[in-house]
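Since the structure comes first, as structure tokens, the remarks are kept for the end.
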Amino acid sequence: MAPSVDTRALIGRQRELAAQVIDRDDLRLPPELVAGVDAAFPDQGRTTRAAAVLMRFPELETVDEVVFEQATELPYIPGLLSFRELPAILGALERLALPPELVLCDGQGRAHPRRFGIACHLGVATGLATIGVGKSRLCGQHDEPGPEKGAAADLVDGGEVIGRVVRSRDRVRPLYISVGHRVSLATAVDLVLTCTPRYRLPEPVRRADRLAGRHSPA
DNA sequence: GCGACAG
DNA sequence: ATCTTGTCGC
């Protein structure tokens, strides 16, 4: 893996690509095929293993699953996560039997310092509608949402609402939901909640997590 | 200078 | 993310 990274160049690319993000609903609603993607780093991080799980919406029945791996190219750098994970994720996504209409990503969308998290990057790179589903905060401030499923609070940064902090299940740590591409924030929250009938993470992402990581079947 | 920092 | 065992709570 590259020992040094030209962070200035990557940040510059994020700034120009961020202008291409569409934060309005521009997809079929409701969608019929939704995918979840995630990546893991086996072998001390030398390998990047991405997984994509395609499900029918809103039934959440699995239609196809793909695991794709390649040598890791970059280290993890806060704010530049997408350059490290995207190549393998694109490889997995391309190998699905059918293209998804919407992709749920493990990580931020516009809730990013330059408004270009991995969900935005994946969306602009493929043209697909995407939503960022973060398990923790990268930037921005927010009030604590109520304890019940569905409770939410605005995630604000630089005086702008960049996402919503949402309780996906009763009494669990909230999810950081933000626009990736071609979806409005309100629709993003609605779709994520519909994809989360039982666990903290939306089903497509949870399944991709399990497929990529070293867990057990269940 | 100090603190924060997706996965 | 990854390294790692038992343990507290519903």
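First the proteins, then the strands, lettered A, B, ... as listed; each starts at 1.
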A:Ala152 and A:Val166: which non-hydrogen atoms are nearest, and at how many Å? CB-CG2, 3.9 Å
So which heavy atom on A:Leu193 is nearest to which on A:Gly150, and how close? CD1-CA, 4.4 Å
Ignoring backbone atoms, test whether A:Lys135 places a side-chain nitrogen or oxygen under 4.0 Å from the OP1 or OP2 oxygen of B:dA6. no
Please determine whether a side-chain nitrogen or oxygen atom of A:Ser82 lies at a distance below 4.0 Å from atom OP1 or OP2 of B:dA6. no
Let me know the distance between [atom1] of [X] and [atom2] of [N], rounded to the nearest Å.
X: A:Leu81; N: B:dC5; atom1: CG; atom2: P; answer: 15 Å
X: A:Phe83; N: B:dG7; atom1: CZ; atom2: C1'; answer: 15 Å
X: A:Leu86; N: B:dG7; atom1: CG; atom2: C1'; answer: 13 Å
X: A:Arg49; N: C:dT2; atom1: CZ; atom2: C1'; answer: 13 Å
X: A:Asp106; N: B:dA6; atom1: CG; atom2: C1'; answer: 8 Å

With centres under 5.5 Å and planes under 30°, do A:Tyr76 and C:dA1 count as stacked? no
Between B:dA4, B:dA6, C:dT2, spot the one nearest the side chain of A:Arg137, thanks. B:dA4
Run the numbers on A:Arg164 and A:Asp154 for side chain to side chain contact (heavy atoms under 4.5 Å, CB included), then give the verdict. CA-CA 5 Å; A:Arg164 291 278 282 174; A:Asp154 283 336; 2.9 Å; yes
Taking DNA chain B as the partner, which of residues 112-130 of chain A come within under 4.0 angstrom of it by heavy atom? A:His112, A:Gly117, A:Ile118
Indicate, with a heavy-atom threshold strictly under 4.0 Å, whether [X] touches base, sugar-phosphate, or nothing.
X: A:Arg171; value: nothing
X: A:Gly132; value: nothing
X: A:Leu80; value: base
X: A:Gln44; value: nothing

Out of A:His121, A:His112, A:Gln14, which residue meets the side-chain hydrogen bond (donor to acceptor under 3.5 Å, both in side chains) rule with A:Ser82? A:His121
Find out whether [X] and [Y] are in side-chain contact, i.e. whether some heavy atom of one side chain is under 4.5 Å from a heavy atom of the other.
X: A:Leu80; Y: A:Ile11; answer: yes
X: A:Ser178; Y: A:Ile162; answer: no
X: A:Arg84; Y: A:Thr48; answer: no

Step-by-step side chain to side chain contact (heavy atoms under 4.5 Å, CB included) determination, A:Ile118 to A:Gln108: CA-CA 6 Å; A:Ile118 189 168; A:Gln108 317 298 332; over 6 Å; no
Each base of DNA chain B marked ( ) or [ ] if paired in-strand (Watson-Crick or G-U under 3.5 Å), | if paired to another strand and . if unpaired gives .......
Worked verdict on A:Phe116 versus A:Arg13 for side chain to side chain contact (heavy atoms under 4.5 Å, CB included): CA-CA 10 Å; A:Phe116 200 68; A:Arg13 192 170 331 159; over 6 Å; no
